[in-house]
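What you see below is based on every heavy atom in this structure, not just the backbone, and it leaves out hydrogens, waters and symmetry mates.
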Amino acid sequence: MQLSRIVLAAAIGALSLPALADLAEIKAAGKLRVGIDFGAPFYGFVDDKMQPTGSDVDAARLLAKDLGIPLEIVNTTNSARIPNLLSNKVDLVISSLSITPERQKAVDFSIPYGAIQAAVGAPKALKLASIDDLAGKTVAVTRGGPQDKIVTERAPQAKVVRFDDEAASITAAATGQADIVAITPPIIAAIAKRNPAREFEVKFVLQSYQLGMAMRKNQPELMNAVNGWIKTNLANGKLNEIHLKYAGVAIPDEIVAGAK
């Protein structure tokens, strides 16, 4: 379903809903409901004890703690992140959600708290240097993600195979169901770790995106609180510590500088 259709359906449904809660109402409800995709390592996944973890999970926990609101994590798929927000199933989405003009028509975004790269990964033996080399080849993507849009629009002669979450994309690449995947560099590294014999590697970067925390429109209290929290925790290094823990690399300097 195209985002514009999702937005229209949600808008029609919202006519029968009460006024959507801002920060004061969220606090009164006694919990902050945050949507996170558990199929998106390193951002959100389930550990060997079946507990949610990842950089977005840790960020959500720290945010809720600092706001003084108990956290309720709501597992969502990649394609359901914005629909769950618009249908009032969550109060906030912290789920490797890139800020795009199309999405900004439907929801409001915080200032960037991180960045994500869209890249193409494949076995070492496969020669790929640019998006032009994807013509005639099968490319696995996560449905609704930025890589899906880029490959669909910029490599029209590629055969795009869509999976519902990044965990499924990882499995497809690691088991040989897919030889080429458009996803993020840390996840390409996770594919290589899961099946070293495939020698998966980053072939080239498609694009870089800023990540934002998404909320419904016209929630100034929540927006101000989240933006202030992001500025504080980029400046004090706590968000960078979380990113380093899971991604192994620092948050880009331009994100930190832009929040000052």
Side-chain angles (χ1 to χ4, degrees), residues 1-11 13 34-46 54-57 60 73-90 92-110 112-121 131 134 138-156 158-173 177-178 180-188 190-191 205-217:
M1 182 183 293
Q2 295 294 320
L3 181 57
S4 58
R5 292 170 58 193
I6 293 171
V7 173
L8 177 61
V34 177
I36 301 177
D37 179 7
F38 291 173
F42 62 98
Y43 301 99
F45 58 101
V46 177
S55 61
D56 283 335
V57 173
I73 296 176
V74 179
N75 185 17
T76 182
T77 62
N78 187 285
S79 58
R81 291 172 297 179
I82 288 178
N84 282 352
L85 184 60
L86 296 178
S87 61
N88 202 20
K89 293 178 181 178
V90 299
L92 196 65
V93 171
I94 307 175
S95 188
S96 59
L97 191 62
S98 54
I99 302 170
T100 67
E102 185 179 15
R103 287 171 176 164
Q104 286 175 314
K105 296 175 184 176
V107 300
D108 282 341
F109 280 96
S110 68
Y113 71 97
I116 185 171
Q117 287 182 318
V120 168
I131 197 164
L134 300 182
T138 299
V139 183
V141 301
T142 302
R143 190 186 311 276
Q147 297 88 350
D148 186 350
K149 180 178 176 63
I150 292 172
V151 175
T152 299
E153 292 181 352
R154 291 168 51 189
K159 179 182 178 182
V160 179
V161 178
R162 295 174 176 87
F163 294 90
D164 286 336
D165 57 42
E166 289 178 336
S169 298
I170 290 171
T171 298
Q177 297 176 55
I180 305 172
V181 62
I183 209 157
T184 65
I187 295 179
I188 293 171
I191 294 169
V205 173
L206 293 164
Q207 197 164 328
S208 292
Y209 294 91
Q210 295 179 335
L211 299 180
M213 300 183 182
M215 61 201 77
R216 290 180 291 275
K217 287 188 171 293

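A search for salt bridge (charged side-chain N to carboxylate O under 4.0 Å, His left out) contacts involving Asp165 returns nothing, not counting sequence neighbours. Contacts of Val74 classified as side chain to side chain contact (heavy atoms under 4.5 Å, CB included), with partners at least two apart in sequence or in another chain: Arg33, Glu72, Val90. Legend: residues meeting side chain to side chain contact (heavy atoms under 4.5 Å, CB included) with Ser98, ordered by chain and number and at least two apart, are Thr100, Arg103, Ile116, Pro146, Tyr209, Leu211. For the ring-ring contact (aromatic ring centres under 6.0 Å, His included) test, no residue two or more places apart in sequence or in another chain qualifies with Phe45. Listed by chain and residue number, Val181, Ile191, Phe200 satisfy the side chain to side chain contact (heavy atoms under 4.5 Å, CB included) test with Ala173 (two or more places apart in sequence, or in another chain). For Ala80, the side chain to side chain contact (heavy atoms under 4.5 Å, CB included) criterion is met by Thr76, Thr77, Asn84, not counting sequence neighbours.
Across all non-hydrogen atoms, the minimal contact from Tyr113 to Ile94 is OH-CG2, 3.8 Å. Heavy atoms only, all atoms of each residue included: Pro112 and Gln210 are closest at CG-OE1, 3.3 Å. Contact record, Ile183 with Ser169: CD1-CB, 3.9 Å, taken as the closest heavy-atom pair. Looking at every heavy atom in both residues, Ile99 comes nearest to Gly212 through CG1-N, 3.7 Å. Across Asp108 and Arg216, no two heavy atoms sit closer than the pair OD2-O, 4.1 Å.
Under a 3.5 Å cut-off, the side chain of Asp148 and the backbone N or O of Val141 do not form any donor-acceptor pair. No donor-acceptor pair under 3.5 Å is formed between the side chain of Asn78 and the backbone N or O of Glu166. A donor-acceptor pair under 3.5 Å is absent between the side-chain atoms of Arg81 and the main chain of Val93, judged by distance alone. Remark: the backbone N or O of Gly144 is not paired with any side-chain donor or acceptor of Ser79 at under 3.5 angstrom.
Proximity of Asp164 to Arg143: side-chain heavy atoms (C-beta onward) are separated by under 4.5 Å at one or more points.
The line from NZ of Lys149 to CG of Leu206 is 13.5 Å long, rounded to the nearest 0.5 Å.
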